[in-house]
Amino acid sequence: MYNNEQAIYLQQQTNKLLSDQSIIEINSTQLSLLKEVLQFHEYRYYVLNNPLISDYEYDQLFQLLQRIEAQHPELITKDSPTQRVGNSLNESFETVQHLVPMLSLENSYNAADLIDWDRKARELSGLPILEYCIEPKFDGASISLVYENNMLIRAVTRGDGVQGEDITNNIKQIRSIPLSAPFSEYGINQIEIRGEVLMSKTAFKTYNEWQLKNNAVALANPRNAASGSLRMKDPKDVAKRNLEAFLYHVSYFTKLDETSIKNEALLTTHTGTLEMLWQCGFRSPQKEKKVVAGIDNVIQHVQDFEAVRDELPYEIDGMVIKVNNIALQEKMGMTTHHPRWAIAFKFKARQATSILRSIEFQVGRTGAVTPVAKLDPVAIGGVMVSSISIHNEEYIKEKDLYLNDTVLIERAGDVIPQIVKSLPDLRTGNEIPIQFPTHCPICRSKLFKEEEEAIWRCINIECEAQVVERMIHFVSKDAMDIKSLGEANIRKLYDAGLLKDIPGIYQLNFNTIATMEGFGKKSIDNLKAAIEASKQQPLNRLIYALGIRFVGETTAKTIANSIENIFDLPYQTIETLQQLDDIGIKVATSIYQFFQNQENITMLRQLEGFGLQIINKKKEIIAGNNLQGQSFLFTGTLTKLKRSDAENIVEQQGGTIASSVSSKLSVLVVGEDAGSKLEKAKKINTIKIINEDEFLQLIHT
Ligand code: IVH
């Protein structure tokens, strides 16, 4: 799309624009340059996955364009990057005709199917051997795009293949789809392109985590996430899903009259059209495709690819094999259902059905009750599945689940198994509604649900399930790291009545344990040593190990760095806790409540008695805490110190390390090639900005 020279030029222009964002009086040449710069960075980010500037810098340029366009609305063009942002809702989706019917593909499942298909293809084409282009079969939602005079004019769903729905506003939210593309350079006036909208595995995971955190319903799999987004009412909701698109087929085009056009030969092969789409700024499977001659090579490649399918960042459900020569494609023609020149090779299914037999309600460390579906065991993609978390009560309703229902299960690559849906058509009348318990299945106390929460909780902190889960968390790797006392042993000792709470870990009766099965002399010695060693774990680990709600490892460090002794914490108020970096009202309230609970204080006193580290050693050792009360952040490359050493020095001298630039930050230390953090810090007057030498001076005074 952009050659080296163009990229260098556009990057230079980027830097110029970034250094002087005050230009508001701008002529139309400068304005189109600014748009071109933004388009270039969208392409680097969304198509190449290789950005040259930070999100912050991109936002700066984007806002500059917004400011200019606000002053000169007459200069707004349809393909301006600002025009993606959908402000109006989709009231309805108009039905429109595809220029060419959107056909499906014939399926094949094994080598024999492919050999058979190749034989027919050779007969139809009249050639002894055919050249094929093999591409991933993207598992998303198919779309068709129409460009006219280089501008995107319409995006349409597949619909019934003949007509679909106009979803242009939603498709504009997908940044890898250009709003304009230089088709005229290829002699093309109007063009219809086919492709697939996808959600990457990471985007899917992040989206679902966010949904569950916000009491919204999680999506079943990336494909549903992509297809469900096409007809959303609010384009802004579409933008939140971070969708991507691969464009893999040109179904129709009309030519311009002009004689001199760039590389007309590209339009004679399928791979040529992929190349042209790539040149025009689309994400076509240019790198993912492979061209081979003869069906044996096809078979080899599809089998090789199936073996690495899980390594891709998105889901594919097979491969598509296409005759590469377009004149031959035309000669071979199509049925009403599929073209004869292409076939899909479907990978082994990752879906299966099973019967939902029961629901187990599990109680976690924080009392959250999670329903887990117990199913008749079924193999999916080589893994036996018999148990699937179904998140919360809302999810059960949303998926319309009943006991004894047949359910469709999917295990998408490395994504954990999910119930996609129930199959109501297969109901026999023996289905039973799922009752969410009103009382804790373990301790029988009443369950509570906070307003706007989706999760029911047992709030009895003595609840056996919570006590055990808390101990398991306490000994876990990132907490006190008591290796010999993993989950299995905690449960064993608890069931035997030899361990009932966290302080009990330090009072174990090893003589009795030695009489139990599975505890030989060596393992008892290891256990003793591991428990003893845990007493030296630093304060931040102890705080994390306590399992306070919302307190992860980073927050635990922040808290530990802010105190001298753990018993300072009961004296902190919600307000003082909120002064700490990245601690908001929710986390502060949770910490506050924990330390107001006398039972927790008694437990900590006991732990102190056993010799655990309740004192912030760093603060104790360093004389003259000269960075006390100041937070630091390092950006760019330090040349004299390792960043981790520099951060340790700050902490040793009483300072803290911030995780981002905010008004709570005291000092930003700037190394070489600093980027967006520096720019952001410059805008906050209270932040002191120093270089590495100044930092060294500071810590030596
Ligand atoms: S070509 C006329 N190529 O799979 C040929 N389709 O099951 C049009 N699909 O309807 C299709 N990846 O939605 C083609 N690389 C690829 C594809 C692909 C996914 C979808 C497409 C098609 C469906 C058939």
Side-chain angles (χ1 to χ4, degrees), residues 98-109 113 117 121 124 132-145 155-165 167 171 174 176-177 191-200 221-224 226-227 229-230 243-253 269-275 277-278 282-292 298 301-302 305-306 309 312-326 328-347 349-351 412:
H98 293 298
L99 297 183
V100 168
M102 252 174 123
L103 296 182
S104 194
L105 290 172
E106 187 183 352
N107 285 331
S108 66
Y109 299 93
D113 290 348
W117 175 76
L124 283 170
Y132 294 118
C133 175
I134 315 166
E135 296 161 12
K137 183 166 171 345
F138 303 103
D139 198 8
S142 48
I143 50 156
S144 134
L145 306 175
V156 188
T157 61
R158 159 196 281 280
D160 64 5
V162 175
Q163 47 188 24
E165 287 178 301
I167 48 159
I171 288 302
I174 304 174
S176 57
I177 296 181
I191 183 165
E192 188 182 49
I193 313 165
R194 301 275 156 85
E196 205 84 358
V197 170
L198 301 173
M199 195 168 186
S200 73
N221 55 41
R223 181 190 346 100
N224 286 15
S227 60
S229 58
L230 298 187
L243 301 169
E244 302 177 17
F246 270 101
L247 280 304
Y248 46 65
H249 180 64
V250 170
S251 51
Y252 176 81
F253 65 89
T269 57
H270 174 68
T271 40
T273 58
L274 295 183
E275 166 74 24
L277 290 174
W278 183 262
F282 292 85
R283 194 168 174 208
S284 70
Q286 173 72 346
K287 300 200 183 81
E288 293 76 4
K289 63 139 208 289
K290 186 174 167 94
V291 180
V292 300
V298 170
H301 183 64
V302 297
F305 216 90
E306 182 161 12
R309 99 191 247 201
L312 294 178
Y314 45 80
E315 287 294 335
I316 64 172
D317 59 340
M319 306 292 283
V320 182
I321 299 113
K322 301 175 180 174
V323 168
N324 198 23
N325 184 308
I326 289 178
L328 274 184
Q329 289 183 359
E330 280 161 11
K331 182 172 174 195
M332 296 168 77
M334 61 196 79
T335 70
T336 50
H337 174 260
H338 59 256
R340 292 201 184 88
W341 46 263
I343 192 163
F345 176 83
K346 300 274 278 190
F347 288 159
R350 252 99 187 258
Q351 285 192 338

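Note that ligands are numbered from 1 as they come in the structure, with each ligand's atoms numbered from 1 the same way.
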| Do ligand 1 and Ser104 have nitrogen or oxygen atoms that lie under 3.5 Å from each other? | no
Mind checking whether [X] contacts ligand 1 via backbone (N, CA, C, O), side chain (CB onward), both or neither, at a 4.0 Å heavy-atom cut-off?
{"X": "Met102", "answer": "neither"}
{"X": "Leu103", "answer": "backbone"}
{"X": "Pro136", "answer": "backbone"}
{"X": "Tyr248", "answer": "side chain"}

| query | Any non-hydrogen atom of Lys322 lying under 4.0 Å from ligand 1? | reply | yes
| task | State if Ala344 counts as touching ligand 1 under the rule of any non-hydrogen atom under 4.0 Å. | result | no
Just jot down the ligand 1 atoms closer than 4.0 angstrom to any heavy atom of [X], in number order.
{"X": "Glu135", "answer": "3 (N), 15 (N), 16 (C)"}
{"X": "Ser142", "answer": "13 (O)"}
{"X": "Arg158", "answer": "10 (O), 22 (C)"}
{"X": "Leu105", "answer": "6 (N), 24 (C)"}
{"X": "Pro339", "answer": "2 (C)"}

| task | Give the C-alpha distance, both sets of side-chain angles, the deciding distance and a yes or no for side-chain contact (heavy atoms from CB on, under 4.5 Å) between Lys290 and Tyr132. | result | CA-CA 8 Å; Lys290 186 174 167 94; Tyr132 294 118; over 6 Å; no
| task | Start with the C-alpha gap between Ser251 and Glu192, add the side-chain angles, then the distance that decides, and say whether side chain to side chain donor-acceptor pair (under 3.5 Å) holds. | result | CA-CA 6 Å; Ser251 51; Glu192 188 182 49; 2.8 Å; yes
| query | Can you name the salt bridge (Lys or Arg N to Asp or Glu O under 4.0 Å) partners of Glu165, sequence neighbours left out? | reply | Arg231
Heavy-atom donor-acceptor pair, [X] side chain to [Y] backbone, under 3.5 Å:
{"X": "Gln329", "Y": "Val323", "answer": "yes"}
{"X": "His98", "Y": "Thr157", "answer": "yes"}
{"X": "Asn324", "Y": "Thr271", "answer": "yes"}

| message | Considering non-hydrogen atoms of the protein only, which is the closest contact for atom 12 (N) of ligand 1, and what is the distance? | response | Phe138 N, 3.0 Å
| Protein contact of atom 7 (O) of ligand 1 - nearest heavy atom, named by residue and atom, plus distance | Lys137 NZ, 2.9 Å
Would you list the atom pairs, donor with acceptor, under 3.5 Å between side chains in residues 136-143 and any protein atom, with sequence neighbours excluded?
unit_1	atom_1	unit_2	atom_2	d
Asp139	OD1	Arg223	NE	2.8
Asp139	OD2	Arg223	NE	3.4
Ser142	OG	Arg158	NE	3.4

| request: Quick one: do Phe305 and Ile134 satisfy side-chain contact (heavy atoms from CB on, under 4.5 Å)? Show the steps, please. | output: CA-CA 10 Å; Phe305 216 90; Ile134 315 166; over 6 Å; no
| field | Close side-chain approach of Arg194 and Val100, heavy atoms under 4.5 Å | value | yes
